[in-house]
Undergrad: 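Have a look at the structure that comes next, please.
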Amino acid sequence: LDHGISRGRLSTRGLWVAEGFTNYYGHLMLRRAGLWDDQKFLEREAQTIKRIESAPGSRLMSAEESSLSAPFIDGRTRAVDQPAEHVDQLLPKGELIGMVMDLLVRGRTKGKASLDDVMRDMYEEFYLKSPNSSYYLRGRGYQTEDLERIVSRRSGFDFSDFFKRHVRDVELLPYDEAFGYVGLRLVKTQSKEPFDAGLGINFEDRGNR
Amino acid sequence: MIENVRNNSPAEDAGLQSNDEIVSLAEKKSDEDSWRKTLARFKPGDSVPVTVKRDRRTIKTNLVLGQPERFDYKIEETTGCDAEQKALRAAWLSGK
């Protein structure tokens, strides 16, 4: 998938799932494997929240729009300011959508279902039980609507509004509800930086120019 | 070098652009360390003279610092967290 995107051949609204959920599970697996403790995992996710919620682009381009922009940004030959800022949020934004969705499923079902179950359902439906999409590729892949349908079916709750507001639009994720189910809360404090200049600087590049 | 300038920001208002090379800040030569130290002396609303190089031109402008917009985030346990919430969290983090 990555190579195809780099060459600008693929265009999908679902890249935030493929890339973002991989980020989320990458961190979660480090915790589940015992390489990270709870604190380390939660600190890492809080960093991701800071990255997304501090970035102005996160309120300008949805996860789906970022996905569609990815081939143009990955294939660029020089830095592009604002679009790159949008698409660079693709992975962390997808990671946070995955985490919040996981907690909503767990909380609303009182622990009877989770995103793990959703991923297993998708693996079964789109890989194991689907006819080959080509002579060498098993399964048919998935669309964002497929994930929406399966997470709704598995949880017993309609997730269409969640997708409308947080996947196809840029509304703030429901952190309070999600973390509340597991006895956690997100605390937001003023950063130590006492002012805003509104620019990013790379001092290391000076010697190369 | 300026990598990016946010829309509707103090830097944009000052006319700064991506790829501008920062020469001085508050009349002092600027590197990473001095940039932060120099800016730390100012507060929101202060006007800070900035000199940049763009192509072969030297441009002098003033950066009027805005109110801080950046926040830190922390995920912490709620007071009064009950056993059901703790069990859900343990299942989430352990995968069991």
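Chain letters run A, B, ... following the sequence lines, proteins first and then strands; every chain starts at 1.
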Undergrad: Which bit of A/Q39 comes within less than 4.5 Å of chain B, counting heavy atoms only: side chain, backbone, both or neither?
TA: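 Neither part, no heavy atoms under 4.5 Å.
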Undergrad: Identify which part of A/S114 has an atom lying under 4.5 Å from any heavy atom of chain B, answering side chain, backbone, both or neither.
TA: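 It is neither, since no heavy atom gets under 4.5 Å.
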Undergrad: Using non-hydrogen atoms and a limit below 4.5 Å, what part of residues 29-38 of chain A faces chain B?
TA: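 Heavy-atom contacts from residues 29-38 of chain A to chain B are A/R31, A/R32, A/D38.
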Undergrad: Does B/T78 reach the side chain of A/L184, with side-chain heavy atoms less than 4.5 Å apart?
TA: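 When only atoms from C-beta onward are counted, A/L184 and B/T78 do not touch, as no gap falls below 4.5 Å.
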Undergrad: Salt-bridge test for A/D146 and A/R140: reply yes if a basic N is under 4.0 Å from a carboxylate O, no otherwise.
TA: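 A salt bridge links A/D146 with A/R140.
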Undergrad: With only heavy atoms counted, which part of B/L65 is less than 4.5 Å from chain A, the side chain, the backbone, both or neither?
TA: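 Both the backbone and the side chain of B/L65 come within 4.5 Å of chain A.
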Undergrad: So do B/L63 and B/P10 actually touch side chain to side chain, heavy atoms under 4.5 Å?
TA: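 Yes, close enough: below the 4.5 Å cut-off.
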Undergrad: Compare all side-chain heavy atoms of B/D72 with those of A/K50 and state whether any distance is below 4.5 angstrom.
TA: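 Yes, side chains in contact.
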Undergrad: So, A/E43 and B/K74, do they make that salt bridge, N to O below 4.0 Å?
TA: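 Salt bridge between A/E43 and B/K74, a charged N being under 4.0 Å from a carboxylate O: no.
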Undergrad: With a 4.5 Å cut-off on heavy-atom pairs, point out which of B/E12, B/E77, B/R89 contacts chain A the most.
TA: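 Ranked by contacts with chain A, first place is B/R89.
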Undergrad: Would you call A/E95 and A/E45 a side-chain contact if the rule is heavy atoms closer than 4.5 Å?
TA: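 Touching, per the 4.5 Å side-chain cut-off.
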Undergrad: Strictly less than 4.5 Å between heavy atoms, which residues of residues 115-127 of chain A line up against chain B? Please order them by number.
TA: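 Near chain B, by residue number: none.
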Undergrad: Does a side-chain heavy-atom distance below 4.5 Å link A/Y181 with B/E84?
TA: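 They are not in contact (no side-chain heavy atoms under 4.5 Å apart), so the answer is no.
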Undergrad: Answer yes or no on whether A/K188 is positioned over the face of B/F71, meaning its NZ or CZ is under 6.0 Å from the six-membered ring centre and within 45° of the axis.
TA: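 Ring-cation test returns yes.
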Undergrad: Side-chain contact, heavy-atom cut-off 4.5 Å: A/I49 with B/I75?
TA: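 A side-chain contact exists here, since the closest heavy-atom pair is under 4.5 Å.
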Undergrad: State, with a plain yes or no, whether a side-chain heavy atom of B/C81 is found less than 4.5 Å away from one of B/K86.
TA: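 A side-chain contact under 4.5 Å exists here.
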Undergrad: I'd like to check A/M101 versus A/F163 (side-chain heavy atoms, cut-off strictly below 4.5 Å). Are they in contact?
TA: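 Contact flag for A/M101/A/F163 side chains = yes.
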